[in-house]
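These notes concern the structure reproduced below.
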Amino acid sequence: MVKGLVIAGVSPGSIAEEMEIQVGDRVLAVNGEELRDVIDFQYGISEEEFTLLIEKGNGEEWELEIEKGPGEFLGIDVETISSEGTKLCCNNCTFCFVAQMPQGMRATLYDKDDDYRLSMTQGSFITLSNLSDEEIKRIIDFHLSPLYISIHAWNPEVRVKLMKNPQAGKLPQQIQRLTKAGIAIHAQIVLVPEHNDGEVLTETIMKLGEHYPSIQSIAVVPVGLTRYRERLTPLRGFTPAEAAHLLDQAELWQQDFYQRTGQHLVYFADEFYVLADREFPETSVYDDFPQLENGVGMARTFISELEIGWPHLPDSISQRHVHLVTGTSAQGLFEKWSRKLMDHVRGLTITVHAIRNDFFGTSVTVAGLLTAQDIALQLGDLGGDDFLIPQVMLKADEPIFLDDYSIQWLEEKVNGRAKIVENQGTAFLEQVVGYSLGGKTV
């Protein structure tokens with residue numbers, strides 16, 4: 001087995017650069033202790049004085065005495081979570097999105113990680129069903145917190161049935177053990193009609209609420225279903241009436257938790273409000289937006305940012321036609337604000353393109369799962385106009401869509417100029433009008 005952690009990056013001007021540590025070197029030990037994973041590494045270098053054992057690219061081993069000043073960083077990024085690789089998911093969930101992926105897509109889209117170290121360092125959701133007692137003890141001893149945990153159901157029988165893993169039934173004891181030790185938890189419930197909704201959902205939320213403040217948030221998100229489910233368990237999505245009923249119940253839970261804890265604690269994904277044709281809750285309902293990255297409160301945050309940037313918009317601009325590309329779930333939001341923008345800024349024309357997801361299936365409505373092929377077919381010829389592409393449609397490190405087509409390919413197909421926009425209101429307004437809110441061209 002290869003030992004140690006490969007160095008993926010060295011920050012310019014850092015201690016690591018000064019010590020001539022290079023990308024490709026391997027960290028073998030800290031203070032004489034061999035490294036199991038990135039947790040050992042991070043805790044080992046948290047002290048102001050420590051010893052590193054480095055294996056250079058040529059096989060030489062360097063023992064380096066490191067001294068850091070207060071607030072100073074070593075300046076090393078490692079390549080993998082551990083020398084043994086990432087812990088993988090051992091469940092076979094009835095609603096698993098990876099199992100609903102077509103063949104021939106980017107390899108990373110088929111990854112099924114379930115690693116508590118990624119949960120603590122990157123906010124990835126884990127299920128706890130692949131953890132040994134020793135690993136639970138390690139989480140407690142190292143106080144690895146917060147953790148992001150996919151709960152789905154508190155009832156052991158329901159959870160085992162949903163996840164098709166006997167180990168999934170240990171969840172109540174695991175949560176009790178973690179919260180008793182003061183581990184902070186952000187919980188997620190993927191909600192499946194007729195499986196873990198109704199009384200099962202009520203029990204799950206009430207049981208989690210008993211563990212406040214260790215349970216810091218509970219996000220309820222709808223099951224995602226693609227058209228690639230031929231040999232999988234038959235499932236369906238929520239109806240508008242069911243979504244409306246859920247949101248009525250959500251308000252009662254939120255009011256109850258707020259009276260008892262000062263936090264609303266349970267938050268429902270934006271898709272439920274779209275499906276029920278409800279206004280998004282006010283900012284105060286989301287508290288400090290603890291699960292924004294999980295699609296919970298993104299619309300309200302975006303609207304709030306638009307309202308802040310609004311007074312800084314110009315009254316008029318040179319004639320400009322810009323195209324907004326989004327998923328069908330956000331169509332109403334963007335059409336509403338586009339009308340307001342065109343009324344406010346003379347010379348501006350906006351066309352909203354709510355792209356139907358033919359690739360995964362029309363029940364997939366979020367922008368982040370759109371492909372370049374669907375966008376190209378439905379945009380047509382833009383005649384050289386600008387079109388806005390949300391960053392969530394692309395890989396984090398390069399402008400590539402889920403189907404591995406590039407932004408340049410899309411520009412050629414639709415005869416337009418792509419503008420990649422972060423999911424942030426000010427950036428959106430600036431790209432729409434073509435100027436920074438300070439008056440400069442963007």
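Bear in mind the structure is a predicted one, so any value in this text is a computation, not a measurement.
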Measuring from [X]:[atom1] to [Y]:[atom2], what's the distance to the nearest 0.5 Å?
{"X": "Glu282", "Y": "Ile303", "atom1": "CD", "atom2": "CD1", "result": "9.0 Å"}
{"X": "Gln174", "Y": "Ile149", "atom1": "CD", "atom2": "CD1", "result": "8.0 Å"}
{"X": "Ile126", "Y": "Ile139", "atom1": "CD1", "atom2": "CD1", "result": "5.5 Å"}
{"X": "Leu333", "Y": "Arg300", "atom1": "CG", "atom2": "CZ", "result": "9.5 Å"}
{"X": "Asp403", "Y": "Phe360", "atom1": "CG", "atom2": "CZ", "result": "8.5 Å"}
{"X": "Leu147", "Y": "Thr179", "atom1": "CG", "atom2": "OG1", "result": "11.5 Å"}

Shortest non-hydrogen contact from [X] to [Y]?
{"X": "Pro314", "Y": "Val345", "value": "O-CG2, 3.3 Å"}
{"X": "Pro390", "Y": "Leu388", "value": "CD-O, 3.9 Å"}
{"X": "Gln424", "Y": "Thr426", "value": "OE1-N, 3.0 Å"}
{"X": "His211", "Y": "Trp154", "value": "NE2-CH2, 3.9 Å"}
{"X": "Leu341", "Y": "Leu429", "value": "CD2-CD2, 3.8 Å"}
{"X": "Gly182", "Y": "His143", "value": "O-CE1, 3.2 Å"}

Problem - Partners meeting salt bridge (charged side-chain N to carboxylate O under 4.0 Å, His left out) with Asp77 (sequence neighbours left out) - result: none
Quick check against the 3.5 Å criterion: does [X] have a side-chain atom that pairs as donor or acceptor with the backbone of [Y]?
{"X": "Glu242", "Y": "Thr239", "result": "yes"}
{"X": "Asn196", "Y": "Val192", "result": "yes"}
{"X": "Asp374", "Y": "Phe359", "result": "yes"}
{"X": "Asp114", "Y": "Thr127", "result": "yes"}
{"X": "Ser119", "Y": "Tyr148", "result": "yes"}
{"X": "Glu67", "Y": "Glu48", "result": "no"}
{"X": "Asn130", "Y": "Leu88", "result": "yes"}
{"X": "Lys68", "Y": "Ile45", "result": "yes"}
{"X": "Thr94", "Y": "Thr233", "result": "no"}
{"X": "Ser363", "Y": "Leu225", "result": "yes"}

Handout entry: Worked check of side-chain contact (heavy atoms from CB on, under 4.5 Å) between Glu72 and Ile15
Key = CA-CA 9 Å; Glu72 192 174 10; Ile15 294 173; 3.4 Å; yes
Count the heavy atoms of every other residue, nucleotide or ligand shown that sit under 6.0 Å from [atom1] of [X], and state whether that count exceeds 12.
{"X": "Lys207", "atom1": "NZ", "answer": "no"}
{"X": "Glu33", "atom1": "CD", "answer": "no"}
{"X": "Lys164", "atom1": "NZ", "answer": "yes"}
{"X": "Glu157", "atom1": "CD", "answer": "no"}
{"X": "Glu34", "atom1": "CD", "answer": "no"}
{"X": "Asp277", "atom1": "CG", "answer": "no"}
{"X": "Glu199", "atom1": "CD", "answer": "no"}
{"X": "Gln173", "atom1": "CD", "answer": "yes"}

With a 4.5 Å cut-off on side-chain heavy atoms, are [Y] and [X] touching?
{"X": "Phe387", "Y": "Leu410", "value": "yes"}
{"X": "Leu369", "Y": "Asn357", "value": "yes"}
{"X": "Leu178", "Y": "Ile140", "value": "yes"}
{"X": "Ile21", "Y": "Leu52", "value": "yes"}
{"X": "Ile317", "Y": "Tyr435", "value": "yes"}
{"X": "Pro290", "Y": "Gln216", "value": "no"}
{"X": "Gln263", "Y": "Tyr258", "value": "no"}
{"X": "Leu5", "Y": "Glu79", "value": "no"}

What I want to find out is whether [X] reaches [Y] closely enough, with some N-O distance under 4.0 Å, to be called a salt bridge.
{"X": "Arg138", "Y": "Asp40", "value": "yes"}
{"X": "Asp270", "Y": "Arg278", "value": "no"}
{"X": "Arg260", "Y": "Asp256", "value": "yes"}
{"X": "Arg117", "Y": "Asp37", "value": "yes"}
{"X": "Arg227", "Y": "Asp358", "value": "no"}
{"X": "Arg236", "Y": "Glu194", "value": "yes"}
{"X": "Lys87", "Y": "Glu135", "value": "yes"}
{"X": "Lys395", "Y": "Glu398", "value": "yes"}

Using the ring centroid of each side chain, check whether [X] and [Y] are separated by less than 6.0 Å.
{"X": "His195", "Y": "Phe95", "result": "no"}
{"X": "His264", "Y": "Phe257", "result": "no"}
{"X": "Tyr43", "Y": "Phe50", "result": "no"}
{"X": "Phe280", "Y": "Phe272", "result": "no"}

Problem - Audit row: Thr328, Ile355, side-chain contact (heavy atoms from CB on, under 4.5 Å) steps and yes/no - result: CA-CA 6 Å; Thr328 55; Ile355 305 299; over 6 Å; no
Exercise for the section: Using the side chain to side chain contact (heavy atoms under 4.5 Å, CB included) rule, pick out the option among Val200, Leu246, Thr204, Val223 that qualifies with Leu191. Expected result: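 Of Val200, Leu246, Thr204, Val223, side chain to side chain contact (heavy atoms under 4.5 Å, CB included) with Leu191 is met by Leu246 alone.
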Handout entry: Flag for Gln188-Ser150: side-chain donor and acceptor within less than 3.5 Å
Key =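 Yes, side-chain donor-acceptor contact under 3.5 Å.
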Exercise for the section: State, without any angle test, whether Ser129 and Asn91 hold a side-chain donor-acceptor pair at a distance under 3.5 Å. Expected result: yes
Exercise for the section: Might you work through the side-chain hydrogen bond (donor to acceptor under 3.5 Å, both in side chains) test for Glu335 and Gln331, ending with a clear yes or no? Expected result: CA-CA 6 Å; Glu335 287 181 343; Gln331 180 176 0; 3.0 Å; yes
Problem - Step-by-step ring pair (Phe, Tyr, Trp, His ring centres under 6.0 Å) determination, Phe334 to Phe302 - result: CA-CA 11 Å; Phe334 281 106; Phe302 189 75; 5.6 Å; yes
